[in-house]
Amino acid sequence: MTVAGELMGSPSQRGRFGDYGGRFVPESLVPACEELEEAFDRAWSDPGFRRELDGCLRSYSGRPTPVTECHRLSERLGIRLLLKREDLNHTGSHKLNNVIGQALLAKRMGKRRLVAETGAGQHGVATATAAALFGMECDVYMGAVDVERQELNTFRMKLLGARVHPVHSGSKTLKDAINEALREWVATVETTHYCIGSVMGPHPYPFIVRELQRVVGDEARRQCQEVLGGADPDFVVACVGGGSNAAGTFAGFVDSGARLVGVEAAGGAAMARGIPGVVHGMRSKFLQDEAGQILEAHSISAGLDYPGIGPEHAFLGEHGRAEYYEASDEEVLAAFRLLAETEGIIPALEPSHGLAWVVRQAGRMIPTGSSVMLTLSGRGDKDVALVMELCG
Ligand SMILES: *Cc1c(COP(=O)(O)O)cnc(C)c1O
């Protein structure tokens with residue numbers, strides 16, 4: 001159990017991580033947030049719930065995922081590189097860790113329907129997967145522009161029995177889909193759980209999603225110690241969209257001596273270029289114009305195109321316990337190809353951002369001989385067509 005006040009422990013009563021976080025929702029949603037907070041606290045300290053969740057993650061999702069040492073790439077970079085293989089999880093990324101936990105929690109709360117937002121469609125597919133597994137209804141809100149851009153994932157969700165609702169407001173993308181999913185939750189809260197996709201939104205979501213993803217960091221800590229003869233890695237690296245795979249990874253190492261590094265897409269770098277503001281129920285950092293309008297994020301990987309960042313990352317960055325850097329589309333593509341060629345692993349473009357930073361900094365910010373653990377948050381099958389188009 002975590003202790004309030006500890007780094008990556010429980011947030012304060014009002015869901016604050018320093019100046020960030022909180023619960024900025026219409027009054028009609030406050031009881032739902034409070035009910036969820038209470039239900040999660042009870043479930044999380046209930047060994048029966050933990051056993052059920054662990055059992056699902058093991059028998060359905062394939063956990064624990066391994067840690068792989070990259071011998072050929074390590075030699076080339078002059079470091080010791082280990083990958084936490086979330087690409088081997090069912091549905092191909094870390095997303096299912098969160099969704100299975102929230103779906104089990106929703107069932108325990110007596111809800112029979114899940115609503116979710118999705119941008120590129122990956123969180124929608126994960127939510128539809130969990131809904132099918134547990135026999136729940138599923139409605140996914142997706143910007144109309146994204147529905148067209150991501151027709152394969154739209155069809156996948158339908159195959160899994162979900163209804164996909166195109167959202168026509170605003171820029172018709174992820175941020176608008178989140179607003180719509182929140183509205184739908186307000187209207188149907190008696191029967192419905194809002195299954196949020198990253199460490200964002202009003203309290204208690206950033207806390208719940210981080211706790212559900214900490215399995216990544218907790219497993220990796222033990223597995224790295226096995227490989228490194230009892231030592232922790234010198235660097236722990238993860239890519240950051242909303243920040244859930246990074247938060248889960250960091251949670252396992254926050255009390256170690258490892259330097260914690262989050263890598264954002266240069267076109268969506270809310271840590272580097274964001275301004276504090278209140279959006280989607282939380283105070284955090286967002287890409288905004290001078291009038292405070294939220295800007296759209298743009299990068300080669302749709303999974304990192306969120307114009308904000310989870311509030312706990314904003315806090316960890318200001319505190320100094322974690323550091324945040326950027327990677328450009330060009331170096332991401334090079335890193336994607338490098339891992340495929342040297343290790344026989346085709347990564348998703350999102351964690352290729354983390355790898356791009358490692359490749360750039362090996363022998364510089366990362367001293368030669370250092371050990372580096374990178375969370376490979378997903379597999380690259382979904383990105384192969386795009387890379388083919390870009391590189392031939
Ligand atoms: C969705 C996604 C991400 C970004 O989400 P976080 O909440 O920042 O982890 C990263 N990698 C993969 C493979 C994804 O599918």
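All residue numbers in this chain count up from 1 along the given sequence. Start at 1 and go down the list; that is how both ligands and their atoms are numbered. Keep in mind that the numbers below use all heavy atoms, side chains included, and drop hydrogens, waters and symmetry copies.
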field: Distance-only donor-acceptor check, side chains His165 and Glu180, under 3.5 Å
entry: no

Nitrogen or oxygen atoms of Cys239 and ligand 1 under 3.5 Å apart: no

- request: Just go through Gly380, Ser352, Ala120, Ser377 and tell me whose heavy atom is the nearest to atom 12 (C) of ligand 1.
  value: Ser377

task: Could you establish whether Ala246 and ligand 1 come within less than 4.0 Å of each other, counting only heavy atoms on the residue side?
output: no

- prompt: Is there side-chain contact between Val240 and Met271, with heavy atoms separated by less than 4.5 Å?
  reply: no

query: If you count the atoms of ligand 1 from 1 in the order shown, which ones are under 4.0 Å from a heavy atom of Gln122?
result: 14 (C), 15 (O)

message: Nearest 0.5 angstrom please: Leu212 CG to Tyr205 OH, how far?
response: 11.5 Å

- prompt: Judged by atom type as modelled, is there a donor-acceptor pair below 3.5 Å linking the side chain of Thr188 to the main-chain atoms of Thr192?
  reply: no

- prompt: Between Glu86, His94, Glu350, which one has a non-hydrogen atom sitting closest to atom 5 (O) of ligand 1?
  reply: His94

query: Quick one: which ligand 1 atoms are inside 4.0 Å of a heavy atom on Gly378?
result: 13 (C)

query: Taking heavy atoms and a distance under 4.0 Å, where does Lys95 meet ligand 1: side chain, backbone, both or neither?
result: side chain

query: Between the side chains of Glu86 and Asn97, does any donor sit under 3.5 Å from an acceptor?
result: yes

query: Does CZ belonging to Arg273 count more than 12 external heavy atoms closer than 6.0 Å?
result: yes

query: Among protein heavy atoms, which sits nearest to atom 6 (P) of ligand 1, and what does the distance come to when rounded to 0.1 Å?
result: Ser244 N, 3.3 Å

- request: Within a distance under 4.0 Å of any heavy atom of Ser198, pick out the atoms of ligand 1 and give their elements.
  value: 6 (P), 7 (O)

query: Which protein heavy atom lies closest to atom 4 (C) of ligand 1, and at what distance to 0.1 Å?
result: Gly303 O, 3.4 Å

Sidechain N-carboxylate O distance under 4.0 Å for Lys111, Glu137: no

query: So, Asp146 and Arg149, do they make that salt bridge, N to O below 4.0 Å?
result: yes

message: Would Gly242 count as a polar contact of ligand 1, with the cut-off being nitrogen or oxygen pairs under 3.5 Å?
response: yes

Contact atoms of ligand 1, heavy-atom distance to Gly241 under 4.0 Å: 8 (O)

